[in-house]
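This report refers to the structure that appears directly beneath it.
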Amino acid sequence: MAKVKKIVKTIKIDADKCNGCRSCEIACSAFHSTPKYSNNNPARSRIQIITQRAKDIFMPVLAGEYTPAECAGRDIYIIDGKEYEDCGFCRASCPSRDIFKEPDSGLPLKCDMCESDPPREKPMCVEWCLNDVLKYEEHEEEVEEEVKLDDVELGLKSMVDKFGIEKVIDTVARMSQKG
Ligand code: SF4
Ligand code: SF4
């Protein structure tokens, strides 16, 4: 595959500073609502705070890749004496849990680093975290050229994985006939 230069965008997460205020979730969901800022439902956010209050654990996790199958095994991490539940750090939108799914349609959500035109100086979640948990950085890397799926393609891919290509084509054809 061809190599291309790419700006790699990173959000560094200092989880010890997170107090679970969820401003980042509200800001992300508002930015991605249609029209923009018309809704602020944290269930639609592409960042979620995995919370275990009794253990004082607040772990910000950004939505990553969609996966049609859940893991066969789970990991449990113990860091500084605190036990983090299985799936605690996982970024996948997967069948074993409800996060990183659009609540009405069940379609997967993925962090897009708040891409917009004109580009934002920094992502919404970073801007609205007043506790300096989230730090935005950019650097240039040589990477393999990737085929990028937009939200519609990502949604269709998950539907095809779930119901099969023929069912999806039939449904789209029927919908287009109804106009
Ligand atoms: S970078 Fe943007 S899309 Fe990603 S979690 Fe933060 S606010 Fe949401
Ligand atoms: S805004 Fe910052 S402190 Fe609040 S929940 Fe999000 S990451 Fe944690």
Side-chain angles (χ1 to χ4, degrees), residues 6-67 77 79-141 143 146-158:
K6 178 180 171 183
I7 299 290
V8 177
K9 301 173 178 180
T10 313
I11 295 178
K12 203 180 264 182
I13 299 169
D14 189 348
D16 276 347
K17 291 183 182 167
C18 178
N19 65 5
C21 73
R22 304 182 77 188
S23 302
C24 52
E25 294 181 1
I26 290 168
C28 178
S29 63
F31 184 75
H32 290 89
S33 62
T34 310
K36 262 190 176 38
Y37 308 114
S38 60
N39 179 297
N40 63 10
N41 179 355
R44 294 198 166 91
S45 172
R46 296 149 197 237
I47 180 170
Q48 294 287 330
I49 310 304
I50 310 295
T51 302
Q52 293 172 266
R53 282 189 193 281
K55 295 183 192 166
D56 192 29
I57 289 175
F58 302 100
M59 178 61 64
V61 180
L62 279 73
E65 296 297 325
Y66 157 74
T67 176
Y77 288 82
I79 302 172
D80 289 339
K82 288 184 189 172
E83 186 170 304
Y84 291 78
E85 62 186 19
D86 47 359
C87 310
F89 298 97
C90 181
R91 302 182 58 198
S93 170
C94 99
S96 66
R97 57 182 185 175
D98 289 333
I99 62 167
F100 301 140
K101 289 176 187 151
E102 209 287 323
D104 298 327
S105 63
L107 294 175
L109 297 169
K110 184 180 174 190
C111 169
D112 60 3
M113 286 283 172
C114 294
E115 273 182 12
S116 62
D117 189 14
R120 295 183 56 78
E121 199 180 306
K122 52 183 162 179
M124 285 290 279
C125 57
V126 176
E127 188 171 329
W128 285 91
C129 176
L130 303 183
N131 293 321
D132 292 331
V133 176
L134 308 172
K135 193 172 166 207
Y136 180 66
E137 292 173 356
E138 289 181 358
H139 66 274
E140 197 176 75
E141 256 180 30
V143 295
E146 65 174 311
V147 181
K148 205 170 168 196
L149 299 181
D150 65 18
D151 282 355
V152 175
E153 288 170 313
L154 195 63
L156 276 173
K157 186 174 181 314
S158 76

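Both counts, for ligands and for their atoms, begin at 1 and track the order of listing.
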_Tell me if the NZ atom of Lys55 is crowded by more than 12 foreign heavy atoms within 6.0 Å._
yes

*Ion pair present between Glu102 and Arg44, side-chain N to carboxylate O less than 4.0 angstrom?*
yes

*Heavy atom of the protein closest to atom 5 (S) of ligand 2 (residue, atom name, distance)*: Arg22 N, 3.1 Å

*With a cut-off of 4.0 Å, which atoms of ligand 2 are near a heavy atom of Ile49?*
5 (S), 6 (Fe)

_Close approach of Ile11 to ligand 1, heavy atoms, under 4.0 angstrom_ = yes

*Could you find the nearest protein heavy atom to atom 8 (Fe) of ligand 1 and give me its residue, atom name and distance?*
Cys28 SG, 2.3 Å

*Does ligand 2 have a heavy atom under 4.0 Å from the side chain of Leu130, from its backbone, from both, or from neither?*
neither

*Identify the closest protein heavy atom to atom 2 (Fe) of ligand 1: which residue and atom is it, and at what distance?*
Cys114 SG, 2.2 Å

*Polar side-chain atom of Arg120 near backbone of Met113 as donor-acceptor pair, under 3.5 Å*: no

*Give the atoms of ligand 2, by number and element, whose distance to some non-hydrogen atom of Asn19 is under 4.0 Å.*
3 (S), 4 (Fe)

_Tell me if the CG atom of Asp98 is crowded by more than 12 foreign heavy atoms within 6.0 Å._
no

*Work out which heavy atom in Phe58 is nearest to a heavy atom in Gly20; give both atom names and the distance.*
CD2-CA, 3.7 Å

*Name the closest protein heavy atom to atom 4 (Fe) of ligand 2, giving the residue it belongs to and the distance to 0.1 Å.*
Cys21 SG, 2.3 Å

*Should the proximity of Val126 to ligand 1, defined as any heavy atom under 4.0 Å, be assigned to the side chain, the backbone, both, or neither?*
neither

_Side-chain donor-acceptor contact under 3.5 Å, His139 with Glu141_ = yes

*With a cut-off of 2.8 Å, does Cys129 place any N/O/S atom under that distance from atom 4 (Fe) of ligand 2?*
no

*Measure Pro123 to ligand 1 on non-hydrogen atoms and call it side chain, backbone, both or neither using the 4.0 Å cut-off.*
side chain

*On the 0 to 90° scale, with breaks at 30° and 60°, tag the Tyr77-Phe89 ring pair as parallel, tilted or perpendicular.*
perpendicular

*Could you find the nearest protein heavy atom to atom 6 (Fe) of ligand 2 and give me its residue, atom name and distance?*
Cys24 SG, 2.3 Å

_I'd like to know: is atom 2 (Fe) of ligand 1 within the 2.8 Å range of an N/O/S atom from Cys125, strictly under that distance?_
no

*In ligand 1, which numbered atoms sit nearer than 4.0 Å to a non-hydrogen atom of Asp112?*
3 (S)

*Nearest protein heavy-atom contact for atom 3 (S) of ligand 2: which residue, which atom, what distance?*
Asn131 ND2, 3.3 Å

*For atom CD of Glu138, is the number of surrounding heavy atoms from other residues, nucleotides or ligands below 6.0 Å larger than 12?*
yes

*Over 12 foreign heavy atoms within 6.0 Å of NZ, Lys36*: yes

*Do the side chain of Gln48 and the main chain of Pro42 share a donor and acceptor less than 3.5 angstrom apart?*
yes

